[in-house]
Participant: 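Quick one: this structure, given as structure tokens, is what I'll be asking you about.
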Amino acid sequence: MNINKLIKASGYGLVGLLLIISIAIILILCWDSKQTSYLKVQGMVDTYIIKNVNIVPMTSDTILSNHDILIKQGIISKIAPDIFAKNIKQIDGTDKFLAPGLADMHVHVWDNYELGLYISKGVTTLRNMWGMPFHLRMKKRIQENTIYAPIFLTASPKLTGPDDEGIDKKQVKDAREGKYLIGKYQKQGYDYIKTYSGLPSDIFDTIKDEALLQNISLVSHPSFEVPYEYHLSKPIKTIEHTEDIVQQVLKFKDDSLMLQKTIEKYAQTKIGHTPTLTVFHKISEIIEKDSNLLSEDKIGYINPAFLAIGSQEDYNRWTSTKVYDSLVGERILKQHQQHLKIVKKMNDAGVLLLAGTDSGISYTVPGFGIHEELKFYTEAGLSNFEALKTATVNPSLVHQKLSRTGTVEADKLANLVVTKENPLTNIRTLKNPEMVIIKGQLLDKNQLGEFSEKAYYRSNYWATIIRLAEGILFK
């Protein structure tokens with residue numbers, strides 16, 4: 001065989017291989033989509049009344065006892081002690097409590113299964129913090145009301161500096177590229193820009209200026225290339241992770257003066273803070289429980305690809321650390337307690353706190369995480385009402401797209417959760433909702449149970465790897 005024929009044969013072989021791979025990818029993604037067909041919206045119930053329900057309006061720390069609520073075409077139309085209307089479906093809410101659905105303002109969504117899992121735990125708003133192309137497609141399906149899902153906002157790919165390496169980040173080589181990327185991501189449909197830990201001031205300045213011109217907000221994982229207070233300015237809407245206050249502002253010390261100055265700046269600028277205490281506390285659980293953690297039931301709700309890659313990496317890191325550093329667990333737990341104190345001080349100072357868990361990272365379980373996060377806030381000393389505000393009212397004040405959520409009032413979006421007990425006295429009741437209402441669509445306990453069950457030990461490892469590869473290649 002001469003060289004030309006060899007090249008030609010190799011070309012045919014390469015084309016054939018690419019065709020086989022393409023067909024395999026399509027089949028895997030189609031099969032995965034079929035497996036989540038249970039989330040497809042089945043019929044629309046436009047109008048109904050929930051009778052004699054106790055309403056937790058979240059406009060104040062109170063209960064509206066034995067009220068009726070009229071929902072029309074996804075919107076709360078009327079709330080009154082007694083609503084009379086002919087030919088409208090009525091649902092008995094006697095002895096139950098109706099509150100706004102919960103928002104988890106810092107998550108990493110890997111698949112559609114998680115959308116149903118979040119709903120099953122009363123979460124009706126998600127803010128995704130590592131955006132990829134598949135998230136834009138997911139967002140489109142949700143906006144078209146083709147699937148049951150929480151309100152879904154997504155960040156852009158994570159923008160970091162040229163020296164901050166990592167396949168999960170978009171390294172920005174200079175200010176000019178930073179300016180270009182803001183326009184690109186805004187046009188693609190991302191809701192806000194995620195800035196990351198390696199952005200130097202010259203690139204960061206340009207990104208902030210261009211975001212203001214493009215009318216798109218920033219959310220920031222604090223950059224270690226600039227002072228922490230640099231982030232407390234427009235167009236940054238929220239700063240993530242209380243652990244970075246300890247690390248960057250306090251230098252791992254108990255510097256009450258520096259902490260007070262930072263909290264005052266937060267209160268003055270009205271920029272939100274997302275603590276994400278849950279994901280940090282998972283370090284303590286890894287160290288304390290070791291291999292027992294891997295056999296817990298909740299592990300089955302974590303995406304299998306991330307469980308095998310990201311979660312395993314965290315497990316290996318911290319279990320190996322404690323081998324040569326016997327005090328690491330004590331230090332991590334001490335820092336967690338410091339986080340609680342900071343959250344309490346921020347709340348008391350009027351800082352806008354947003355419940356966020358970093359679910360989808362490490363061993364933080366989608367849907368379950370928000371209830372751990374709220375528990376930590378009450379342990380910090382917040383009342384149940386104050387803790388609930390972080391997952392209802394406060395998120396509605398940050399992003400315009402959430403302005404019709406967060407409270408139970410006329411003309412607000414009917415994203416609601418119904419529980420057996422009063423969450424203002426027992427916040428844990430929100431873990432097991434009796435009903436969840438998404439854009440007016442009422443999902444009963446059986447449907448919520450199915451959403452949870454289908455997400456348990458799902459078989460979508462390769463579908464996730466494909467979507468993740470797309471995100472890495474096309475960021």
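Every heavy atom of this structure was used, including side-chain atoms; hydrogens, water molecules and symmetry mates were not. Counting begins at 1 with the first residue of the sequence.
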Participant: Is the number of heavy atoms from other residues, nucleotides or ligands under 6.0 Å of Glu313 CD greater than 12?
Facilitator: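 It does not: Glu313 CD has 12 such atoms or fewer within range.
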Participant: Looking at Asp68 and Ile83, would you say the former's side chain and the latter's main chain have a donor-acceptor pair under 3.5 Å?
Facilitator: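 At least one qualifying donor-acceptor pair exists.
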Participant: Salt bridge between Asp255 and Lys251, side-chain N to carboxylate O under 4.0 Å?
Facilitator: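 No salt bridge links Asp255 with Lys251.
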Participant: Please determine whether salt bridge (Lys or Arg N to Asp or Glu O under 4.0 Å) holds for the pair Glu144 and Lys140, giving the CA-CA distance in whole Å, both sets of side-chain angles, and the decisive distance to 0.1 Å.
Facilitator: CA-CA 6 Å; Glu144 292 172 348; Lys140 185 175 184 292; 2.5 Å; yes
Participant: Specify whether Tyr228 and Tyr266 have parallel, tilted or perpendicular ring planes, treating 30° as the upper limit for parallel and 60° as the lower limit for perpendicular.
Facilitator: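 Tilted, since the angle between the ring planes falls between 30° and 60°.
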Participant: Atom CD1 of Ile147 and atom OG of Ser33: how far apart are they, to the nearest 0.5 Å?
Facilitator: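 One gets 9.0 Å once the value is rounded to the nearest 0.5 Å.
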Participant: More than 12 foreign heavy atoms under 6.0 Å from CG of Asp92: is that the case here?
Facilitator: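 Above 12, so yes.
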Participant: Validate the cation-pi geometry between Lys121 and Phe368: distance from NZ or CZ to the six-membered ring centre under 6.0 Å, angle to the ring axis within 45°.
Facilitator: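 Yes, Lys121 sits over the ring of Phe368.
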Participant: Is it the case that atom NZ in Lys265 sees more than 12 heavy atoms from other parts of the structure closer than 6.0 Å?
Facilitator: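 Open: at most 12 neighbouring heavy atoms sit under 6.0 Å from NZ of Lys265.
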Participant: Could you walk me through whether Asn66 and Asn52 pass side chain to side chain donor-acceptor pair (under 3.5 Å), step by step?
Facilitator: CA-CA 4 Å; Asn66 298 318; Asn52 302 316; over 6 Å; no
Participant: Kindly determine whether Ser311 and Ser362 satisfy side chain to side chain donor-acceptor pair (under 3.5 Å), including the steps that lead there.
Facilitator: CA-CA 4 Å; Ser311 301; Ser362 189; 5.8 Å; no
Participant: Could Lys237 and Asp191 be called an ion pair, given the rule that one side-chain N must be under 4.0 Å from one carboxylate O?
Facilitator: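 Salt bridge flag = no for Asp191 with Lys237.
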Participant: Does the pair Asp314/Lys282 count as a salt bridge with the N-to-O cut at 4.0 Å?
Facilitator: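 Between Lys282 and Asp314 there is no salt bridge, as every charged N stays at least 4.0 Å from the carboxylate O atoms.
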Participant: Please say which of Tyr190, Trp110, Tyr196 ends up in a ring-ring contact (aromatic ring centres under 6.0 Å, His included) with Trp130.
Facilitator: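 Option passing the ring-ring contact (aromatic ring centres under 6.0 Å, His included) with Trp130: Trp110.
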Participant: Please verify the inter-ring angle class for His221 with His241; under 30° counts as parallel, over 60° as perpendicular, anything in between as tilted.
Facilitator: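 Answer is perpendicular, since the angle exceeds 60°.
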Participant: Please say which of Glu373, Glu379, Glu372 ends up in a side-chain hydrogen bond (donor to acceptor under 3.5 Å, both in side chains) with Lys375.
Facilitator: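 Result: among Glu373, Glu379, Glu372, Glu379 is the only option passing the side-chain hydrogen bond (donor to acceptor under 3.5 Å, both in side chains) with Lys375.
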Participant: Above 12 or not: heavy atoms from other molecules or residues under 6.0 Å from NZ of Lys431?
Facilitator: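 No.
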Participant: Do the ring planes of His339 and Phe280 sit parallel (below 30°), tilted (30 to 60°) or perpendicular (above 60°)?
Facilitator: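 Because their plane-to-plane angle is over 60°, the rings of His339 and Phe280 count as perpendicular.
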Participant: Any side-chain heavy atom of Pro275 sitting closer than 4.5 Å to one from His273?
Facilitator: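 Contact flag for Pro275/His273 side chains = yes.
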Participant: Given His108, which partner from the list Asp168, Asn128, Asp358 fulfils the side-chain hydrogen bond (donor to acceptor under 3.5 Å, both in side chains) test?
Facilitator: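 Only one of Asp168, Asn128, Asp358 forms a side-chain hydrogen bond (donor to acceptor under 3.5 Å, both in side chains) with His108, namely Asp358.
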Participant: Within 45° of the six-membered ring axis of Tyr301 and under 6.0 Å from that ring's centre, is NZ or CZ of Arg458 located there?
Facilitator: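 The answer is no, since Arg458 fails at least one limit relative to Tyr301.
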Participant: Counting C-beta onward and ignoring hydrogens, is there a side-chain heavy-atom pair between Leu98 and Ile50 closer than 4.5 Å?
Facilitator: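 They are in side-chain contact.
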Participant: Is any side-chain N of the basic residue among Lys261 and Glu229 closer than 4.0 Å to the acidic one's carboxylate O?
Facilitator: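 No, no charged N to carboxylate O under 4.0 Å.
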Participant: Should the pair Tyr38 and Phe451 be assigned to parallel (<30°), tilted (30 to 60°) or perpendicular (>60°) ring geometry?
Facilitator: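 If you compare the ring of Tyr38 with that of Phe451, the planes turn out tilted.
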Participant: Are the side chain of Asn303 and the backbone N or O of Phe306 linked by a donor-acceptor pair below 3.5 Å?
Facilitator: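 Yes; judged by distance alone, with no hydrogens or angles, the pair exists.
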Participant: Testing Ile332, Ile287, Leu327 for side-chain contact (heavy atoms from CB on, under 4.5 Å) with Lys322, which one passes?
Facilitator: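 Result: among Ile332, Ile287, Leu327, Ile287 is the only option passing the side-chain contact (heavy atoms from CB on, under 4.5 Å) with Lys322.
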Participant: Measure the shortest side-chain to side-chain distance between Arg127 and Val219 over non-hydrogen atoms and say whether it is less than 4.5 angstrom.
Facilitator: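 Yes, at least one pair of side-chain atoms sits under 4.5 Å.
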Participant: Would you call Asp95 and Lys420 a salt bridge, taking side-chain N to carboxylate O under 4.0 Å as the test?
Facilitator: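 Salt bridge: no.
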Participant: With a cut-off of 6.0 Å (strictly less than), are more than 12 heavy atoms of other residues, nucleotides or ligands near NZ of Lys454?
Facilitator: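 Open: at most 12 neighbouring heavy atoms sit under 6.0 Å from NZ of Lys454.
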Participant: Give the C-alpha distance, both sets of side-chain angles, the deciding distance and a yes or no for side chain to side chain contact (heavy atoms under 4.5 Å, CB included) between Met105 and Leu402.
Facilitator: CA-CA 11 Å; Met105 296 294 279; Leu402 302 181; 4.0 Å; yes
Participant: Would you call Lys96 and Glu434 a side-chain contact if the rule is heavy atoms closer than 4.5 Å?
Facilitator: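 SC-SC contact between Lys96 and Glu434 confirmed.
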Participant: To the nearest 0.5 angstrom, please state how far the CD1 atom of Ile427 sits from the CG atom of Leu374.
Facilitator: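 Here the interatomic distance stands at 4.5 Å.
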Participant: Apply the side-chain hydrogen bond (donor to acceptor under 3.5 Å, both in side chains) test between Thr357 and each candidate in Thr364, Thr278, Thr276, Asp104; give the one that qualifies.
Facilitator: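 When side-chain hydrogen bond (donor to acceptor under 3.5 Å, both in side chains) is applied between Thr357 and each of Thr364, Thr278, Thr276, Asp104, only Asp104 qualifies.
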Participant: Counting only heavy atoms not in Lys194 (residues, nucleotides, ligands), do more than 12 fall under 6.0 Å from its NZ?
Facilitator: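 Enclosed.
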